[in-house]
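Working notes, beginning with the structure itself.
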Amino acid sequence: MGSDNLYNRRLLERQKRKENVLKQKSSNWLIICEGIKTEPNYFLKAVEEINKHILDEYKLKVKIIGKGMNTTSLVKATELQLLIDKYANNVIPYGKIFVVKDSFRDKDFDEAIEMCKRSGYIPLWSNQAIEFWFLLHFNYITSKMNRTTYEKKLNEYFKNKGLNYKYKKNDEEIYNLLCIS
């Protein structure tokens, strides 16, 4: 009889542990970008690089869409994209949803951040031109610089690194060029 009691107690302990198991969140992500090509190209290559070092079952599955919209309209476009994907797949398949903005006015910017928070999206924002981030890859910049000089400065850095490359907006290989530089 004593062994039956021990068996039942251990069985109950195992059942309790199963209740505390965390559910794995989807590794599917949605990234909605303000830029139509440059930002999506960059994120796509970054995700590919990350996935090179991850086992197949843990690889990120990321849908990246450039909308060509700004601030609050970008958040609304994200909501519309979720509806489209929900009806196409009968579920919302995303564990994380990012909204990437790069141009903003104070009022619209704050409102877009609040809209993201209310909807559970992760807001990301950057300088008004992603090319500035590319420049930061080469050198820490503390001085003011007009966005019209970004391309010229990038080309100088590529030349100094021995690359025969002239920067082109929307280049699908910019991520790889930055990585080898």
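Here the structure is a predicted model, which is why all the values come from computation and not from measurement.
Using a 4.0 Å cut-off between charged side-chain N and carboxylate O, K159 and E156 make no salt bridge.
N139 contributes no side-chain N or O that, together with a main-chain N or O of I141, makes up a donor-acceptor pair within less than 3.5 Å. Of the possible polar contacts, none joining the S73 side chain to the M69 backbone as a donor-acceptor pair under 3.5 Å is found. Remark: the backbone N or O of K59 is not paired with any side-chain donor or acceptor of N51 at under 3.5 angstrom.
Taking 4.5 Å as the limit, every side-chain heavy atom of N41 sits out of range of all side-chain heavy atoms of D171. Residues I113 and K117 have side chains in contact (heavy-atom distance under 4.5 Å, counting atoms from C-beta outward). Proximity of W125 to V99: side-chain heavy atoms (C-beta onward) are nowhere separated by under 4.5 Å. A heavy-atom distance below 4.5 Å is found between the side chains of M115 and K76. Residues I31 and I65 have side chains not in contact (no heavy-atom distance under 4.5 Å, counting atoms from C-beta outward). Two residues are said to be in side-chain contact when any heavy atoms from C-beta on lie closer than 4.5 Å; K101 and P123 meet this criterion. Counting heavy atoms from C-beta on, the side chains of V100 and E34 never come closer than 4.5 Å. Using a 4.5 Å heavy-atom threshold, the side chains of N28 and V62 count as separate.
Going from atom CD of E79 over to atom CG of L74 covers 10.5 Å, rounded to the nearest 0.5 Å. Summarising the geometry, atom CD belonging to E172 is positioned 10.5 Å from atom OG1 belonging to T38; distances are rounded to the nearest 0.5 Å.
Heavy-atom neighbours of N164 CG from other residues, nucleotides or ligands within 6.0 Å: at or below the threshold of 12. Counting non-hydrogen atoms of neighbouring residues, nucleotides and ligands closer than 6.0 angstrom, the NZ atom of K61 exceeds 12 such neighbours. By the neighbour-count criterion of 12 heavy atoms within 6.0 Å, atom NZ of K169 is densely surrounded, having more than that number from other residues, nucleotides or ligands. Residue K166 places its NZ atom among 12 or fewer non-hydrogen atoms of other residues, nucleotides or ligands, all under 6.0 Å distant.
The shortest non-hydrogen separation linking E131 to Y167 is OE2-OH, 2.7 Å. Contact between C116 and V75 at its shortest, heavy atoms only, is SG-CG2, 3.7 Å.
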List the steps, then state whether side chain to side chain donor-acceptor pair (under 3.5 Å) holds for N155 with Y165.
-> CA-CA 7 Å; N155 287 330; Y165 173 79; over 6 Å; no

Applying side chain to side chain contact (heavy atoms under 4.5 Å, CB included), run through Y94 and K63 and close with a yes or a no.
-> CA-CA 9 Å; Y94 304 112; K63 182 175 187 176; 3.2 Å; yes

I would like to know whether L178 and Y42 meet side chain to side chain contact (heavy atoms under 4.5 Å, CB included); could you show each step before the answer?
-> CA-CA 10 Å; L178 292 172; Y42 184 81; 4.0 Å; yes

Check against side chain to side chain contact (heavy atoms under 4.5 Å, CB included), L124 and I122 | CA-CA 6 Å; L124 302 175; I122 301 167; 4.3 Å; yes

Begin from the C-alpha positions of Y175 and E49 and carry the test side chain to side chain donor-acceptor pair (under 3.5 Å) through to its verdict.
-> CA-CA 10 Å; Y175 181 88; E49 186 65 28; 5.2 Å; no

Going through the checks in order, is the side chain to side chain contact (heavy atoms under 4.5 Å, CB included) test met by K45 and E173?
-> CA-CA 8 Å; K45 295 295 184 177; E173 293 303 314; 3.4 Å; yes

Apply the test ring pair (Phe, Tyr, Trp, His ring centres under 6.0 Å) to residues Y157 and F134: give CA-CA distance (whole Å), side-chain angles for both, the deciding distance (0.1 Å), then the verdict.
-> CA-CA 10 Å; Y157 284 119; F134 299 164; over 10 Å; no

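Both I64 and I50 are members of a single hydrophobic cluster when ILVMFWY side chains are connected at heavy-atom separations under 4.5 Å. Under the 4.5 Å side-chain heavy-atom criterion for ILVMFWY residues, a single connected hydrophobic cluster contains both I54 and L44. Linking ILVMFWY residues whenever their side-chain heavy atoms come closer than 4.5 Å, directly or via other members, places L55 and L60 in the same cluster.
Qualifying ring pair (Phe, Tyr, Trp, His ring centres under 6.0 Å) partners for F98, counting only residues two or more places apart in sequence or in other chains: W29.
Ring geometry, F132 versus Y150: the interplanar angle falls from 30° to 60°, so the pair is classed tilted.
Residue L154 is tested with T149, L177, L135, I174 for a side chain to side chain contact (heavy atoms under 4.5 Å, CB included); the sole match is L135.
Looking only at atom types and distance, the side chain of Q81 has a donor-acceptor partner in the side chain of D85 under 3.5 Å away. In the model, D108 has no side-chain atom that pairs as donor or acceptor with a side-chain atom of T72 under 3.5 Å.
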